[in-house]
Amino acid sequence: MTTWFRTYYEDEDLWLYFEADDGGWAARQVEVRGQDSRPATAASLAEVLHLRDHADLAAMSRYERQFGVLAEGRMEGWQDQPEAAEISAAEFERLWTEARRTLGESA
């Protein structure tokens with residue numbers, strides 16, 4: 001079952017939002033800086049895998065500079081993180097759309 005949740009990294013003043021797939025892997029990730037509410041990451045596993053399989057290292061580097069780096073590994077233990085909470089799919093989509101628009105314009 002797909003889950004959507006958020007956590008907060010106080011040391012970096014960074015909100016992290018995840019869409020995790022049935023296996024607990026990050027399918028999409030949005031990071032938003034707390035200080036200015038500006039998106040820092042909006043990365044997608046499907047896009048990363050497509051680039052890995054069909055493009056070169058330079059294309060992957062451009063993607064990561066523009067959209068950030070997707071978390072690796074299973075999203076285990078997120079419930080124990082500060083400010084952790086499940087969020088709705090609609091809330092994640094709103095954040096995703098806004099972050100992609102912002103980061104896409106910064107390219």
Side-chain angles (χ1 to χ4, degrees):
M1 179 171 85
T2 301
T3 56
W4 298 269
F5 61 91
R6 70 164 195 222
T7 62
Y8 179 67
Y9 286 176
E10 186 174 358
D11 292 345
E12 298 180 38
D13 191 19
L14 192 66
W15 286 97
L16 291 86
Y17 299 87
F18 294 96
E19 176 183 72
D21 66 16
D22 294 345
W25 293 82
R28 294 187 294 169
Q29 175 180 348
V30 174
E31 295 179 358
V32 178
R33 292 189 290 254
Q35 181 178 5
D36 58 7
S37 298
R38 182 160 174 79
T41 299
S44 160
L45 180 60
E47 292 170 350
V48 168
L49 293 177
H50 178 80
L51 288 170
R52 181 199 68 191
D53 294 343
H54 299 15
D56 58 14
L57 188 56
M60 181 66 79
S61 292
R62 283 190 302 275
Y63 178 87
E64 289 179 347
R65 277 193 308 276
Q66 183 172 2
F67 296 112
V69 178
L70 184 69
E72 294 183 20
R74 296 191 61 206
M75 303 281 99
E76 296 174 332
W78 65 265
Q79 300 91 335
D80 301 325
Q81 298 299 316
E83 305 291 331
E86 285 194 38
I87 61 172
S88 68
E91 181 178 358
F92 184 88
E93 285 302 325
R94 182 187 60 75
L95 291 161
W96 174 259
T97 300
E98 182 179 321
R100 290 300 284 226
R101 182 175 43 249
T102 301
L103 295 173
E105 290 171 356
S106 68

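Note: hydrogens, waters and symmetry copies are ignored here, and every other heavy atom, side chains too, is used.
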Check: Same cluster or not: are V30 and V48 linked, directly or through other Ile, Leu, Val, Met, Phe, Trp or Tyr residues, by side-chain heavy atoms under 4.5 angstrom apart?
Finding: no

Donor-acceptor contacts, no H, no angles, side chain residues 49-61, under 3.5 Å, sequence neighbours left out:
unit_1 : atom_1 : unit_2 : atom_2 : d
D56    : OD1    : A58    : N      : 3.4
D56    : OD1    : A59    : N      : 2.9
S61    : OG     : L57    : O      : 3.2

Margin query: How long is the straight-line distance from CZ of R38 back to CD of E98, given to the nearest 0.5 Å?
Written below: 10.5 Å

Next item on the list: Not counting sequence neighbours, list each pair that qualifies as a salt bridge (Lys or Arg N to Asp or Glu O under 4.0 Å) and has a residue in residues 63-75.
Entry: R74-E76

Notebook entry, point to check: How long is the gap from OG1 on T102 to CZ on R100, to the nearest 0.5 Å?
Noted result: 11.5 Å

Item checked: Parallel, tilted or perpendicular: ring planes of Y63 versus F67, cut at 30 and 60 degrees -> tilted

Check: Closest approach of A42 and A99, non-hydrogen atoms and distance?
Finding: CB-CB, 3.8 Å

Notebook entry, point to check: Can you name the closest pair of heavy atoms from A43 and G68 and give their distance?
Noted result: CB-O, 4.0 Å

Note to self: To the closest 0.5 Å, what do you measure between OG1 (T41) and CG (L70)?
What the structure shows: 9.0 Å

Note to self: Here's a test for you: under ring-ring contact (aromatic ring centres under 6.0 Å, His included), which of Y17, W4, F5 qualifies with W78?
What the structure shows: F5

Note to self: Looking at M1, is its backbone amide N or carbonyl O close enough to the side chain of D22 to form a donor-acceptor pair, meaning the two atoms are under 3.5 Å apart?
What the structure shows: yes

Note to self: Quick one: does any side-chain atom of R28 pair with a main-chain N or O of F18 as donor and acceptor, under 3.5 Å?
What the structure shows: no

Notebook entry, point to check: Do Q29 and E31 have a side chain donor and acceptor closer than 3.5 Å?
Noted result: yes

Check: Hey, is E47 close enough to R62 for a salt bridge, meaning N to O under 4.0 Å?
Finding: no

Pairs of donor and acceptor atoms involving the side chains of residues 7-16, under 3.5 Å and at least two apart or interchain, shall be tabulated with distances.
unit_1 : atom_1 : unit_2 : atom_2 : d
Y8     : OH     : D13    : OD1    : 2.6
D13    : OD2    : Q35    : N      : 3.0

Notebook entry, point to check: When rounded to the nearest 0.5 angstrom, what is the spacing between CD in E93 and CD in E19?
Noted result: 6.5 Å

Note to self: So which atom in G104 and which in Q66 form the shortest heavy-atom distance, rounded to 0.1 Å?
What the structure shows: CA-NE2, 3.3 Å

